2 protein chains.
Amino acid sequence: MSLVDESAQSDRVRDALTAAHLYYMQDLTMDAIAHELHTSRSSVSRLLSHARATGLVDIQIRSPLDAPSRLELLIQERFHITAHVVPVPDHATDVDRLERVALSVARILGQFFDSNMVMGIAWGSTMNAISRHVTPKQTHGSQIIQLNGAGNMRTTGLSYASEILGRFGYAFGAHVHQFPVPAFFDNPATKQALWRERSVSRLLEMQSRMDVALFGLGSPFSEVPSHVYAGGYLEEADYASLSRSEVVGDVATIFYRADGSTDGIQLNARGTGPDFTVLRQTPRRLCVVSGTAKLASLRGALKADLITDLFVDESTARALVANA
Amino acid sequence: MSLVDESAQSDRVRDALTAAHLYYMQDLTMDAIAHELHTSRSSVSRLLSHARATGLVDIQIRSPLDAPSRLELLIQERFHITAHVVPVPDHATDVDRLERVALSVARILGQFFDSNMVMGIAWGSTMNAISRHVTPKQTHGSQIIQLNGAGNMRTTGLSYASEILGRFGYAFGAHVHQFPVPAFFDNPATKQALWRERSVSRLLEMQSRMDVALFGLGSPFSEVPSHVYAGGYLEEADYASLSRSEVVGDVATIFYRADGSTDGIQLNARGTGPDFTVLRQTPRRLCVVSGTAKLASLRGALKADLITDLFVDESTARALVANA
DNA sequence: AAGCCGGGTGAACAAACGTGCAAGGAGGGG
DNA sequence: CCCCTCCTTGCACGTTTGTTCACCCGGCTT
């Protein structure tokens, strides 16, 4: 990028800031702003879009603390976590649901992440959707770290996971640390060995002191299986084993039962996500769930105390509190 | 207000929140929202207006810290205060200027005031303009306190000042403490006496430990005199005295010279605003200035170290840094 | 030097939005 | 019980905003 480009860039930002100020603080019309900035109305429209898209304009919704939605209150009382219920009409499809929840999370995420923080991020369809919408917020010295490997029998999985992580990293100006291992090792011993490598243990150490974790839930036996279960990461025998162990879900390729327990689930010895005892040390653990198919999985994750902040669509939230 | 009204009220807020979420977080059109909420598009438009007006939706502009405007940077370097430069076209009238700066301040004020804080507020045309636009933000246990008396020879001044203070109090859900004394006493001894009254000294004590002060500047000898100078608060003899003392401005009816000094200005013995030594103890001191007519006054206030955060229109900011 | 390419611009159109207005409905007073 | 008042609603209209398109301009290639 040349010097000229750079200064043009900063001109553009300056103009966008001015336009945003005039539009959102002083309530001028775009026409009036165009006049003050000696340009056309369309350009102002574009400037403002740009300002919103790049996070120069930050729009928050603050419910007066005395009136959180009834559902959020119920969830808070029942599970002692903060719930963010995303309004989605009951007749929406699961794809819609996912997309809309993801969009909401993408917009609000900046409130949980700041300079000099470390955020751990899983991967999967939910994370992918969020990553495509996340609104930028400039931070300094912050790190984003991949929670679990993404390789499978066919690929190293690097491109998929790194695309997702990359978008988060770009949006926050954070350093991205990838985790270049398969999602599941074939042999537990290989994992043990690799875990002792300094390059890997450095990552594990970072994971153990991250400030925020962001993840979705896997639900192996629901009708709309999550990415992990459709992507060729597991074999028939693995499924049988999961079924035998009465697994209801996973977080970053670590599986758990309906009561939140993980003991004796053999696949976990080969999975690459953070152990739940490690995860539970993380101060903020943001879980994003959409669709009632993941209800059992969500209940298990709550039992396992994996969640401090839950983002969930309205119907699923309702189902969560419906029957005890 | 009946029980039914109350619940209707909260329904309205709930709907407004949902609408705001759908509109600002999920980018639905008002049409789509109307459909989801089973109402008309116009009602959604109104709901959203309501949500913005009542502060349910909070729009902030965050300039990336590496790119504050050149002017703000210059002011910061020269005077060691935080400047908020409000873009206003050069050809705007002084009335425009005031109105637009006031609007901007009104929108941003919530960022400086929170629960359990005490804010001192002056009165005058600037404060009046701000008060008419201030966006609400619910707080608990916060207090707003009048900085200086408002009575004059004709009226107690209560209605004007209390109208202003009342709007701030209402917007923040804060308890308002009025200061029922004249702007200037006729006799310094009366002030002394009253200052020893417990009801008054309680107010003075609160003033001495306020968290934020918000004030404009008076400029007695400019061509567009401030409220105090037009409202019959002072007599010819007073003006002469001010002129003799080389006064350039006042904050809350306390006068100062170009070098920021106040010693020997006789009128101050009869004024009712907080002594500058008291004011300087306040952590955040927000000063709102618009129009180059107040430039001399502003320079004096800066010399007197009365300001920590300055809100000023662009031309005045430019003039401030122009000649040394 | 001509020619392509990418990014940005304003005009024109289409979509989305705000608002005056008349109609309807709840509540309160006669 | 009726009527009056006040508030809210949806419609219709005019305005404001988003987006497409043709065009221009600087930079880079051939």
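All values reported here derive from a predicted model rather than from experimental measurement. By convention in this document, chain letters (A, B, ...) are assigned in the order of the sequence lines, proteins followed by strands, and residues within each chain are numbered from 1.
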Residues forming a side chain to side chain donor-acceptor pair (under 3.5 Å) with B:Asp96, sequence neighbours excluded:
none
Partners of A:Thr292 by side chain to side chain donor-acceptor pair (under 3.5 Å), sequence neighbours excluded?
none
Is the phosphate of D:dT9 approached by B:Thr39 (side-chain N or O, under 4.0 Å from OP1 or OP2)?
no
A:Asp27 CG to D:dT17 C1', straight-line distance once rounded to whole Å:
15 Å
Across all chains, not counting sequence neighbours, the side chain to side chain contact (heavy atoms under 4.5 Å, CB included) partners of B:Phe168 are B:Leu109, B:Ile121, B:Ile130, B:Ser131, B:Val134, B:Ile144, B:Ile164, B:Phe172, B:Leu214
I'd like to check the side chain to side chain donor-acceptor pair (under 3.5 Å) partners of B:Thr18; sequence neighbours left out, ordered by chain and number.
none
For B:His38 and D:dG10, what is the distance between atoms NE2 and P respectively, to the nearest whole Å?
12 Å
Return the set of residues passing side chain to side chain contact (heavy atoms under 4.5 Å, CB included) with A:Thr82 (not counting sequence neighbours), or none when no residue passes.
A:His84, A:Asp309
Sidechain N-carboxylate O distance under 4.0 Å for B:Lys294, B:Asp94:
no
Residues at least two apart in sequence or cross-chain that pass side chain to side chain contact (heavy atoms under 4.5 Å, CB included) with A:Arg318, listed by chain then number, are A:Leu71, A:Asp90, A:Glu314, A:Ser315
To the nearest angstrom, the CG-P distance between B:Leu47 and D:dT8 comes to 11 Å
What's the CD1-C1' distance between A:Ile33 and D:dG18, to the nearest Å?
15 Å
Applying side chain to side chain donor-acceptor pair (under 3.5 Å), name anything that partners A:Arg70, two or more places apart in sequence or on another chain.
none
Detail all sub-3.5 Å separations between protein N/O atoms and N/O atoms belonging to nucleotides 16-19 of chain C.
{"residue": "C:dC17", "atom": "OP1", "partner": "B:Tyr23", "partner atom": "OH", "Å": "2.8"}
{"residue": "C:dC17", "atom": "OP2", "partner": "B:Met30", "partner atom": "N", "Å": "2.8"}
{"residue": "C:dG18", "atom": "OP2", "partner": "B:Ser45", "partner atom": "OG", "Å": "2.8"}
{"residue": "C:dG18", "atom": "O6", "partner": "B:Arg41", "partner atom": "NH2", "Å": "2.7"}

Can you give me the N/O atom pairs linking the protein to nucleotides 22-24 of chain D at distances under 3.5 Å, or say none if there are none?
none

